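Below is one structure, written out as structure tokens; the observations come after it.
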Amino acid sequence: MWVYVIRRILAVIPVMAVVAVVVFLILHLSPEDPAAIIAGDNAKSEDIDAIRQRLGLDRPLLIQFLEWVGRLLTGDLGSSIFLNRPVLQLIGERVEPTAALAVTTTIFSVVLAIPLGVVAAWKAGTWIDQLIMGLAVLAFSFPVFLIGYGLVYGLALEWELLPVQGFVSLSEDPGRFLAHLVLPTIALGLVYTALLARMTRATMLEILNEDYIRTARAKGLANGRVLIVHALKNAAVPIVTTVGVGIALLIGGVVVTESVFAIPGVGRLTIDAVLQRDYPVIQGVILAVAGVYVLINLAIDLTYTVLDPRIRY
Amino acid sequence: MTDIAALPADAAVAGPSRFAFSRILRRHPTMLVGGVILVVMAVVSLLAPWLAPYDPIELNVVDRLRPPDEDYLLGTDAYGRDMLSRLLYGGRVSLAVGLCVAAFSTVLGLLIGVVAGYYRLADALLMRVMDGLMAIPGILLAIALMTVTRASIEVVIVAITIPEIPRVVRLVRAVVLSIREQTYVQAAVAIGTRFPRLLRKHILPNTLAPLVVQATYIFAHAVLVEAYLSFLGVGTPPEIPSWGNVIAEGRLYVQIAFWQVLFPGIALALMVLSINLLGDGLRDLLDPRLSRRA
């Protein structure tokens, strides 16, 4: 088991190395001069030179890369060109709304999707199954902003039930913190719920065909017990893996949802950085997000090794 | 998203007449519905220059923010541009981006996947690169790629294609790996079949069905991502009407002119839904082995 654990931890290194190369290349593969793009259309050539020097773009590519990685390893993600502040600090200021929305959406979706998926698999082929799967395909075809603006228009503007936009920190006012998260969570959560429900149903169907399920039924166990104890317990590993892998998708959705509800999170930071071509911020955000994603999935995989004695590589 | 979607649904029937047209329609009504909606939307978008009642770009400040009426069936935006005309033209962007992304990512993914599945040495390297790419959320990667050069539809296509490739590679590689272990393939190799023939006779036919299904889901996802990028202001440039940037402009007036968000939103949802329904139908049709378990 320990060999697997160590190998799994070491596997993080090549993944993050590739991420670093990709992030580095985004700035350097540009057919245009990034310094000129940053400086804008009306820049003088000495401004462009100054930016080029500041970003170190005048040195050989490999040297730039090694120096940049060297700084990354000490935890230095560089500084924003426009705000002149460390990228890590900028991300730190914006991380609370983004993390909060990601967590509430995950909870909302898991709580809703797993029962729906289980019921759909149990009643496979009946109208209940068809209804649930029909709603699921509808939900994940709907763009987040259509659901988002629909909720804003219906619930928040017409009836003034909930705050329409913005974010309040948990430390400031827990009640208003939650109130501001309700609509974004539903808007994003419906899409994510649909995906998880489909996945849960598919996994459950596969497991319900296993011999031990037939044995359990033959023993005369109650349906509910077979479903929960025998089937769902065994479906847990693939379902949780999907939740973990789905985080990449979730983060993409969070960026869009933040924009719909004017939430000042990491998504807003990224879009502003892209519009201004603030490369250090873009690079820093991608590295940080990919890092979090890799670590969460590492944690999920390692939890299995401890919890599930069948997983031995 | 797509690999979750590529899993079984209701039952399909195997047999020689599985591909008979009337039978397909009877057995897979969702595919029919999806296909019809998609074809109608595609035809209407392609005919936009003839169907659109107004110029989608020309400003007409007198008629700004007009609600839907007989002059402007879907109302006008803040610059007095006809919403219906803008939506018709916007459909062309969605279709072009969706189809190109689906085609490019499938072909590139197939190429890389076959190489990875067949050549052990390349496999380790290629799959590490794919793992790395998959660790970056697709929309975030696409947003970052948009900074590489000035925004245009071509750049949008490239930016959405790259994050889609790894999943195709994984799918193709898995098929190739399982095929090369099959006795009939090993026999083919033993009698001296060369790689191109092996590819044509054994690998491609076995990859085709899952690949077509995957391509459909990529199509749907790409249409959605293009709209998201344009909505965020980092996609299709604002001078070209696309559903995403029409919504981005309309959002400012959502309280007084909800139709600016509602109609493009519905168009987008309808197109994505029709492609997803088509994908589900194709999956059930082409992969009865998966579906029969249901």
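A quick note: this is a predicted structure, and the numbers were derived from the prediction, not measured. Chain letters run A, B, ... following the sequence lines, proteins first and then strands; every chain starts at 1.
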Report task. Any chance you could lay out the side-chain contact (heavy atoms from CB on, under 4.5 Å) test for B/V261 and A/F145, step after step, and finish with the verdict? Result -> CA-CA 9 Å; B/V261 169; A/F145 36 64; 5.9 Å; no

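- Once rounded to the nearest 0.5 Å, the distance linking CD1 of A/I251 with CD1 of B/I136 reads 11.5 Å.
- Looking at every heavy atom in both residues, A/I286 comes nearest to B/A144 through CD1-CB, 3.3 Å.
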Query - From CA spacing to verdict: side-chain contact (heavy atoms from CB on, under 4.5 Å), A/V255, B/Y228 - result: CA-CA 9 Å; A/V255 174; B/Y228 286 158; over 6 Å; no

Report task. Check the pair B/R251 / A/V152 against side-chain contact (heavy atoms from CB on, under 4.5 Å), numbers first and verdict last. Result -> CA-CA 11 Å; B/R251 65 191 297 201; A/V152 166; over 6 Å; no

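- Taking every heavy atom of both residues into account, B/G132 and A/V18 meet most closely at CA-CG1, 3.7 Å.
- Between chain B and the options A/P143, A/A290, A/A120, the largest number of non-hydrogen pairs under 4.5 Å is found for A/P143.
- Highest contact tally toward chain B, considering only A/I247, A/V260, A/V23, is held by A/V260 [criterion: heavy-atom pairs under 4.5 Å].
- For A/V21, no part lies near chain B; criterion is any non-hydrogen pair under 4.5 Å.
- Rounding to the nearest 0.5 Å gives a distance of 7.5 Å between CZ of A/F142 and CD1 of B/I266.
- Annotation: maximal heavy-atom pairing with chain A below 4.5 Å, among B/L273, B/I139, B/L133, occurs at B/L273.
- In terms of non-hydrogen atom pairs under 4.5 Å with chain B, the most contact-rich of A/P14, A/S259, A/G291 is A/S259.
- Of the atoms belonging to A/I282, it is side-chain heavy atoms, and not backbone ones, that fall under 4.5 Å from chain B.
- Listed for the A/Y279 side chain is a donor-acceptor partner under 3.5 Å among the backbone atoms of B/T147.
- Note: A/I271 CD1 to B/M146 CE = 10.5 Å, rounded to the nearest 0.5 Å.
- Contact of A/V274 with chain B is made through backbone and side chain together, with heavy-atom distances under 4.5 Å.
- Between the OG1 atom of B/T30 and the CE atom of A/M133 there is a distance of 13.5 Å, given to the nearest 0.5 Å.
- Environment of CG in B/L121: sparse, with no more than 12 heavy atoms of neighbouring residues, nucleotides or ligands closer than 6.0 Å.
- Only the side chain of A/T270 comes within contact range of chain B, with at least one heavy atom under 4.5 Å from a heavy atom of that chain.
- Annotation for B/M134 and A/A248: closest pair O-CB, 4.4 Å, computed over non-hydrogen atoms.
- Residue contact with chain A, scored on non-hydrogen atoms closer than 4.5 Å, is absent for B/A220.
- Judged purely by atom type and a 3.5 angstrom limit, A/Y149 has no side-chain atom pairing as donor or acceptor with the backbone of B/F258.
- Pairing each heavy atom of A/L146 with each of B/A269, the nearest pair is CD2-CB, 4.1 Å.
- With a threshold of 4.5 angstrom between heavy atoms, A/V22 approaches chain B through side-chain atoms but not through N, CA, C or O.
- Annotation for B/F263: atom CZ counts as buried by contact number, over 12 foreign heavy atoms lying within 6.0 Å.
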